[in-house]
Amino acid sequence: MNRTTGNETKDPYRLKLHLTPPAGWLNDPNGLCQYHGTYHAFYQYVPENALGKGRKCWGHAVSSDLIHWKDEGIFLEPDRPFDRDGVYSGCAWTDENGIHLFYTGNVKEEGDYDYIHEGRQAAQVLVETKDGSRAGEKRLLLTNDDYPKDCTLHVRDPKIWKENGRYHMMLGARKNSGQGAVLLYESADMVTWEYVGEMTTKNPFGYMWECPDCFEMEDAAFLSICPQGLPRGEFQNQNVYQSGYVHLKEGIAKPQIVEAEAFTEWDKGFDFYAPQTFTDEQGRRILIGWMGLPDIEGEYSNPTVGDGWQHALTLPREITYEAGRLCQRPVEELKRLRRNEREVKTGETSVLSEGIYEVEIDKIEINQKDINQKGINGMEPASCRICFNQDLVLDYKDGVFSMKFLNRTGAGRTVRRAEIGSLEDIRIIMDTSAIEVYVNQGSTVFTSRYYPVSRESRVMIDCEKSRIRLWDLESV
Ligand code: FRU
């Protein structure tokens, strides 16, 4: 969202295509939906503080095409005893009566508590709105007494859907046993909810599952969760917390044991968490994530804090199920912003002056063992390499795709890797201080913030036997 003040030297990293907070802090996308043609994106928002310390509200933006967003200010704020310390994350359910928003009201009692088993209240709350312009009464649905006794007080982030005439709710939870889980509830009227059981793994798979989501695609059922507490690996779970999906053998509404071995991360980059999906009026399943992560202090940072704001939402991505894998692609509407298509040769350096552009490399015909023996700038040879200035490098070698920051432009970010097998295509969207990289039809994605020193980008692509195209993207 373009909120430039005209003074670009003051806020050089303001994003042009991504939804950002006007000022202050943003985290999870909430209440995503399309209603009577209009797309709504609510988000976790602390207006007065770029570090997220303060009153957690829901911000609100609307769009007619998922690309041009209009800021609508604060939609929900903590103004009731049960949401005193934050209007936390939640979702939207739409029907002929309007938009029904569900969220978690957070309360932290004053005192010397461990805040896991005591001193906390988690309320599930419903607010209705006819069209997104004004919120109705907040209705309390569930409180601490309504959760199973083997759960801690970390229960939040409702997701609602309807199936066979009944409403279903899932909540992310942390059990006393130190195991993450999803709690399932059912209702006939969206107001009175009954507990029906849980989804969890046989052996612990993280201590907490935040922001659950679920959907069906071509007869396959998926659960999306954000587990906290997984061990880091060389190719897996490289961030502090994870975000990914698993197949559900028994559909999305039944309590069941979840097979964690098949957990696939949504995104392998540095900045991605808490995604939410919804179906739009064309029937597309669209995912938007938070381009950020909680609790990364000391690891890496965002210099935009100095300009009074932090974080963004990812581009809206259409999800498809192809050959047994979920693929993500920026929604088709983004292509309308393409300008000045040109084809470049391998090894050529292109100069892009505005910092928002798209690169597509397809028809790639290298196999895992082909190494481009040239190497560049003292770097190890690779089969395919893309260099942004002398700052950021994407490369592919021996079946591994990596994103590497070579200097301070990563603000502490270093390297992320994914095993992808052979390389078929790469699509890159660069937006001032954000990069999204879609590999192999979006079956692997890397999302990251990037803080180049100049708006002018020198992009060098070394990928023999491929077609390389570039576009400038129009700022929105
Ligand atoms: C995930 C999360 C949610 C919570 C919200 C609070 O980032 O921790 O579980 O509802 O953020 O802002």
Side-chain angles (χ1 to χ4, degrees), residues 21 24-32 41-60 74-78 82-92 101-108 115-116 120-127 141-142 144 147 151-160 169-175 180-183 206-213 223-230 239-244 265-267 270-277 287-297 302 310-314 447:
W25 160 282
L26 166 154
N27 59 295
D28 317 354
N30 293 152
L32 302 178
F42 300 89
Y43 54 87
Q44 290 285 282
Y45 182 33
V46 181
E48 55 279 307
N49 185 303
L51 294 173
K53 314 257 178 286
R55 290 155 29 89
K56 191 63 71 79
C57 303
W58 275 31
H60 184 203
I74 295 173
F75 190 76
L76 294 173
E77 50 192 326
F82 52 73
D83 62 17
R84 190 180 74 195
D85 298 311
V87 178
Y88 273 16
S89 283
C91 68
L101 298 168
F102 295 82
Y103 72 88
T104 300
N106 181 50
V107 173
K108 253 173 127 179
Y115 292 111
I116 297 171
R120 238 188 145 97
Q121 289 173 43
Q124 313 310 324
V125 184
L126 165 63
V127 182
L141 306 177
L142 297 173
N144 282 7
Y147 310 130
C151 256
T152 68
L153 302 179
H154 282 274
V155 180
R156 56 178 169 267
D157 309 335
K159 162 80 186 183
I160 275 72
M169 179 194 290
M170 64 174 43
L171 293 168
R174 171 175 184 156
K175 298 183 57 161
V182 158
L183 309 180
Y207 56 79
M208 169 73 193
W209 292 359
E210 293 192 309
C211 301
D213 194 355
L223 172 70
S224 169
I225 45 172
C226 295
Q228 300 185 316
L230 300 182
N239 289 333
V240 57
Y241 304 134
Q242 271 49 66
S243 168
E265 289 171 81
W266 282 115
D267 197 292
F270 293 88
D271 297 272
F272 185 89
Y273 196 64
Q276 186 171 107
T277 71
L287 174 145
I288 298 180
W290 169 28
M291 199 189 289
L293 273 164
D295 304 335
I296 52 162
E297 290 80 11
N302 295 302
Q310 188 170 200
H311 299 311
L313 297 185
T314 65
T447 298

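Order of listing sets the numbers, starting from 1, for every ligand and every atom in it.
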Should K159 and D213 count as an ion pair when the cut-off is N to O under 4.0 Å? yes
Any donor-acceptor pair under 3.5 Å linking the side-chain atoms of D28 with those of Q276? no
With heavy-atom distances below 4.0 Å as the criterion, list the atoms of ligand 1 near Y88. 4 (C), 6 (C), 10 (O)
Please list, chain by chain and in numerical order, all residues satisfying ring-ring contact (aromatic ring centres under 6.0 Å, His included) with F270, sequence neighbours excluded. Y300, F405
Assess T104 for proximity to ligand 1: is some non-hydrogen atom of it under 4.0 Å away? no
the protein heavy atom lying closest to atom 6 (C) of ligand 1 turns out to be Q44 OE1, 3.2 Å
Answer yes or no: is there a donor N or O on one side and an acceptor on the other, between the side chain of D85 and the main chain of K108, under 3.5 Å? yes
re atom 10 (O) of ligand 1, the protein heavy-atom contact at minimum distance is D157 OD1, 2.6 Å
Between the main-chain N or O of D271 and the side-chain N or O of T447, is there a donor-acceptor pair closer than 3.5 Å? no
Taking distance alone, with N or O pairs closer than 3.5 Å, would you say D28 contacts ligand 1? yes
Report the nearest protein non-hydrogen atom to atom 8 (O) of ligand 1: residue, atom name, distance rounded to 0.1 Å. E210 OE2, 2.8 Å
Examine Y273 against ligand 1 and note whether any of their N/O atoms are separated by less than 3.5 Å. no
Report yes or no: is the cationic atom of K56 (NZ for Lys, CZ for Arg) closer than 6.0 Å to the six-membered ring centre of Y45, at no more than 45° off its axis? no
By side chain to side chain donor-acceptor pair (under 3.5 Å) - contacts of R156 (at least two apart): H154, E210
If we number the atoms of ligand 1 from 1 as shown, the ones under 4.0 Å from a heavy atom of S89 are 5 (C), 10 (O)
Quick check: W290 and ligand 1, any N/O pair under 3.5 Å apart? no
